[in-house]
Amino acid sequence: MNMPFLSQTLRPLTLLAAGSLALSACSSGTSPAYDASGTWKGTLNTAQGPAAFTAVVRDSSGRLTGTVNLDNADTVPTDFTGNRGADNTATLNVPSTIFGALSIDGTFSGKTFTGTYRVNGGAATALSMTRQ
């Protein structure tokens with residue numbers, strides 16, 4: 001069945017829809033916001049030696065919450081809170097660990113977090129984590 005009227009009507013609509021999709025893809029210009037949610041593993045260098053840990057992070061528009069737990073230790077996960085800025089710098093506060101209160105500052109980038117931690121406000125020590 002030949003319907004020239006329908007074909008002439010649909011062709012411009014199809015071109016308009018395709019053009020709109022291409023324009024919206026090009027004009028966004030921004031990548032999706034970073035999301036730090038996930039399981040992260042790292043090692044703290046302590047006076048007692050290295051201490052491997054696992055952190056489970058939930059990122060809700062830059063508001064960070066979650067738990068951290070030392071690997072291979074009889075400890076229970078400890079809750080933490082924090083914030084991640086638009087530049088992916090973050091501050092985390094772990095109120096109580098077997099070492100004392102931890103404050104962590106650093107930057108998320110892809111599958112890595114690089115920064116420092118302080119125990120009870122003491123000297124800064126390097127820290128890195130990798131998303132699993």
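What's counted below: heavy atoms across the whole structure, side chains too, no hydrogens, waters or symmetry copies. The model shown is predicted, which means the values in this text are computed figures rather than measured ones.
With rounding to the nearest 0.5 Å, the separation of CG in D35 from CZ in R58 is 12.0 Å. Distance CG/N120 to OG/S96: 9.0 Å, rounded to 0.5 Å.
Applying the ring pair (Phe, Tyr, Trp, His ring centres under 6.0 Å) rule to pairs touching residues 37-59 yields W40-F108, sequence neighbours excluded. Pairs of residues two or more places apart, or lying in two chains, never qualify as ring pair (Phe, Tyr, Trp, His ring centres under 6.0 Å) while including a residue from residues 57-79. The salt bridge (Lys or Arg N to Asp or Glu O under 4.0 Å) contacts involving residues 75-85 comprise D59-R84, where partners must be two or more places apart or lie in separate chains. Listed by first and then second residue, the side-chain hydrogen bond (donor to acceptor under 3.5 Å, both in side chains) pairs involving residues 121-132 are Y34-R131 (not counting sequence neighbours). Listed by first and then second residue, the side-chain hydrogen bond (donor to acceptor under 3.5 Å, both in side chains) pairs involving residues 103-117 are T91-D105 (not counting sequence neighbours).
Taken together through direct or relayed side-chain contacts under 4.5 Å among Ile, Leu, Val, Met, Phe, Trp and Tyr, V68 and V119 form part of one hydrophobic cluster. Cluster membership for L127 and L70, using ILVMFWY side-chain heavy atoms within less than 4.5 angstrom, is shared.
D71 meets the salt bridge (Lys or Arg N to Asp or Glu O under 4.0 Å) test with K41; sequence neighbours excluded. Contacts of N45 classified as side-chain hydrogen bond (donor to acceptor under 3.5 Å, both in side chains), with partners at least two apart in sequence or in another chain: none. Qualifying side-chain hydrogen bond (donor to acceptor under 3.5 Å, both in side chains) partners for D87, counting only residues two or more places apart in sequence or in other chains: T89. Listed by chain and number, the residues in a side-chain contact (heavy atoms from CB on, under 4.5 Å) with P77 are T67, N69 (sequence neighbours excluded).
Summarising the geometry of A90 relative to L64, their closest heavy-atom pair is CB-CD1, 4.1 Å, with the distance given to 0.1 Å. P95 and A101 make their closest contact through O-CB, 3.2 Å (heavy atoms, listed as atom of the first residue, atom of the second, distance). Nearest heavy-atom pair, T43 versus P50, reported as atom, atom and distance to 0.1 Å: CG2-CB, 3.6 Å.
In this structure the side chain of L92 never reaches within 4.5 angstrom of the side chain of T81, judged on heavy atoms. Two residues are said to be in side-chain contact when any heavy atoms from C-beta on lie closer than 4.5 Å; F80 and L102 fail this criterion.
Judged by distance alone, with hydrogens and angles left aside, the side-chain atoms of R63 form a donor-acceptor pair with the main-chain N or O of G82 at under 3.5 Å.
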